[in-house]
Protein chains: 2
Amino acid sequence: MKIGELARRSGCSIQTIRYYEKLKLLPIPSRSEGNFRLYDIKIFEQLKFIKRCKDLDLTLDEIRKLLSIKSEPNQECDDVNRLIERHLERVEFKIAEFRQLRAQLISLRQACSENNKAVDCGILKQLTKDS
Amino acid sequence: MKIGELARRSGCSIQTIRYYEKLKLLPIPSRSEGNFRLYDIKIFEQLKFIKRCKDLDLTLDEIRKLLSIKSEPNQECDDVNRLIERHLERVEFKIAEFRQLRAQLISLRQACSENNKAVDCGILKQLTKDS
DNA sequence: TCTTGACTCTATAGTTACTATAGAGTTTAA
DNA sequence: TTAAACTCTATAGTAACTATAGAGTCAAGA
Ligand SMILES: [Zn+2]
Ligand SMILES: [Zn+2]
Ligand SMILES: [Zn+2]
Ligand SMILES: [Zn+2]
């Protein structure tokens, strides 16, 4: 299959696929006579793997690590478990951070409910003054 | 005050301050005889304003908008209110997204509690299979 | 057969919000 | 005087793409 079909079927854009190839997250595909990339099912599946990881917000470096472990079936998998654990911690941290942010934004929003001149805007005042 | 002191007092790095100047988020400061940037209290306060906005995760473009409104005291402030409202919505969306992510990661973690060979790793299996 | 449109190619630049570095000049304190 | 600390400009790097230009390839219809 050519790159356009791979893109459609994987949910990644064409440029992203070429980008992954450059980063060696995907193997170099064969080429047609006219120099078009030709993909087989194995590459399609690897790309789907990457996509699933991306949807979990893993970084490409983390994904590279997973791919490398996956490619050596006899390696121990505790690195995988640790990686997911650490990633989960980061996600929880972000949730906490954004909750704080939300609280601050809600209080900020309250500072100016009606329509004012800029000079009287409660929000701008709040952002200007030392907390 | 020179850039180092401004950096210490504002909590922004020196490079960041120069970067903001280039983006015109900060006015061009005067210079000493030896060509060092010299800042007055007004610029310090503008930088603090920017810093407070950044801490709320506003983008530099959003901050630029706020600064422009702030600089015209007679303009209506409803753009400010809308901007904060939209930003809050984005933050809430991110919270929801990350919560979903967390749930998925927790279920993924469960798939491999003990130590296995890579080929038997429940996490890798989960990431490999179609959901 | 010709041509049109859809597809693909490479290489390069742009995005966001910085951080890091090199290599130079300036200031301050011992 | 000299060394440390500071500042200057310009440039490149970061993450993970997206967008573009300008060229070549391929399939179908007239
Ligand atoms: Zn992670
Ligand atoms: Zn207002
Ligand atoms: Zn926003
Ligand atoms: Zn495992």
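Below, each value reflects all heavy atoms present in this structure, side chains not excepted, and no hydrogens, waters or symmetry copies. Proteins get letters first, then strands, A, B, ... in listed order; numbering begins at 1 in each. Small disclaimer: the values here were computed from a predicted structure and weren't measured.
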Note to self: Please determine whether residues B:Phe36 and B:Ile17 belong to a single hydrophobic cluster, defined as Ile, Leu, Val, Met, Phe, Trp and Tyr linked transitively by side-chain heavy-atom distances below 4.5 Å.
What the structure shows: no
Next item on the list: Using the test salt bridge (Lys or Arg N to Asp or Glu O under 4.0 Å), find all partners of B:Lys51 that sit at least two apart in sequence or belong to another chain.
Entry: B:Asp55
Note to self: I need the A:Lys94 NZ to B:Leu101 CG distance, nearest 0.5 Å.
What the structure shows: 9.5 Å
Check: In whole angstrom, what separates A:Glu5's CD from D:dC26's C1'?
Finding: 15 Å
Next item on the list: Report yes or no: do A:Ile41 and A:Ile43 belong to one cluster of Ile/Leu/Val/Met/Phe/Trp/Tyr joined by side chain heavy-atom distances under 4.5 Å?
Entry: yes
Would you mind writing out the side-chain donor-acceptor pairs for residues 63-74 of chain A within the sub-3.5 Å range, not counting sequence neighbours?
residue	atom	partner	partner atom	Å
A:Arg64	NH1	A:Leu23	O	2.9
A:Lys65	NZ	A:Asp79	OD2	3.1
A:Lys70	NZ	B:Thr128	OG1	3.0
A:Ser71	OG	A:Ser68	O	2.8

Next item on the list: Taking side-chain contact (heavy atoms from CB on, under 4.5 Å) as the test, write out the residues that go with A:Ile95, two or more places apart.
Entry: A:Val91, A:Arg99, B:Phe98, B:Arg99, B:Arg102
Next item on the list: Check the distance between D:dA15's P and A:Ile63's CD1 and give it to me in whole angstrom.
Entry: 13 Å
Notebook entry, point to check: Roughly how far, to the nearest 0.5 Å, is the CG atom of B:Leu25 from the CZ atom of B:Phe49?
Noted result: 11.0 Å
Item checked: Gap separating the CZ atom of B:Arg90 from the CG atom of A:Leu105, nearest 0.5 angstrom -> 10.0 Å
Check: When every nucleotide of nucleotides 9-14 of chain D is labelled 5' to 3' by its protein contacts under 4.0 Å (heavy atoms), B for base, S for sugar-phosphate only, - for none, what sequence of letters results?
Finding: B-----
Margin query: Show me the pairs that pass salt bridge (charged side-chain N to carboxylate O under 4.0 Å, His left out) and involve residues 109-124 of chain B, at least two apart or across chains.
Written below: A:Glu85-B:Arg109
Next item on the list: Using the test salt bridge (Lys or Arg N to Asp or Glu O under 4.0 Å), find all partners of A:Lys125 that sit at least two apart in sequence or belong to another chain.
Entry: none
Next item on the list: Pull out every residue in residues 45-52 of chain B that has a heavy atom closer than 4.0 Å to any atom of DNA chain D, ordered by number, or say none.
Entry: none
Notebook entry, point to check: For the helix from C:dT1-D:dA30 to C:dA30-D:dT1, how many degrees between its two end axes (five pairs per end), to the nearest 10°?
Noted result: 20°
Note to self: I need the full list of side-chain hydrogen bond (donor to acceptor under 3.5 Å, both in side chains) pairs touching residues 37-50 of chain A, with sequence neighbours left out, sorted by first then second residue.
What the structure shows: A:Glu21-A:Arg37
Notebook entry, point to check: Under a 4.0 Å heavy-atom cut-off, which of residues 88-99 of chain A touch DNA chain D?
Noted result: none
Next item on the list: Could you check if a side-chain atom of B:Cys77 sits within less than 4.5 angstrom of a side-chain atom of A:Leu124, using non-hydrogen atoms only?
Entry: no
Next item on the list: May I have the distance from A:Asp57 (atom CG) to D:dA15 (atom P), rounded to whole angstrom?
Entry: 15 Å
Notebook entry, point to check: Nearest-Å distance, NZ (B:Lys2) to C1' (D:dA5)?
Noted result: 9 Å
Next item on the list: Would you indicate whether the side-chain heavy atoms of A:Leu60 and A:Tyr19 approach each other to under 4.5 Å?
Entry: yes
Item checked: Approximate separation, where rounding is to 0.5 Å, of A:Asn81 CG and B:Cys112 SG -> 4.0 Å
Margin query: Rounded to whole Å, please give me the gap between CD1 in B:Ile14 and C1' in C:dC18.
Written below: 14 Å
Next item on the list: Name the residue closer to the 5' end of DNA chain D, choosing between A:Glu33 and B:Tyr39 according to the nucleotide with the nearest heavy atom.
Entry: B:Tyr39
Notebook entry, point to check: How is A:Leu23 classified with respect to the nucleic acid when contacts are heavy atoms under 4.0 Å: base, sugar-phosphate, or nothing?
Noted result: nothing
Item checked: Between CG on residue A:Leu56 and CG on residue B:Leu127, distance to nearest 0.5 Å -> 6.5 Å
Collect all protein-nucleotide pairs involving nucleotides 16-19 of chain D in which both atoms are nitrogen or oxygen and the distance is under 3.5 Å.
residue	atom	partner	partner atom	Å
D:dA16	N7	A:Tyr19	OH	3.3
D:dC17	OP2	A:Tyr20	OH	2.9
D:dT18	OP2	A:Ser13	OG	3.2
D:dT18	OP2	A:Thr16	OG1	3.0

With a cut-off of 3.5 Å and sequence neighbours excluded, list every side-chain donor-acceptor pair involving residues 3-16 of chain B.
residue	atom	partner	partner atom	Å
B:Glu5	OE2	B:Arg9	NH1	3.1
B:Ser10	OG	B:Leu6	O	2.8
B:Ser10	OG	B:Ala7	O	3.4
B:Ser10	OG	B:Cys12	N	3.1
B:Ser13	OG	B:Thr16	N	3.1
B:Ser13	OG	B:Thr16	OG1	2.8

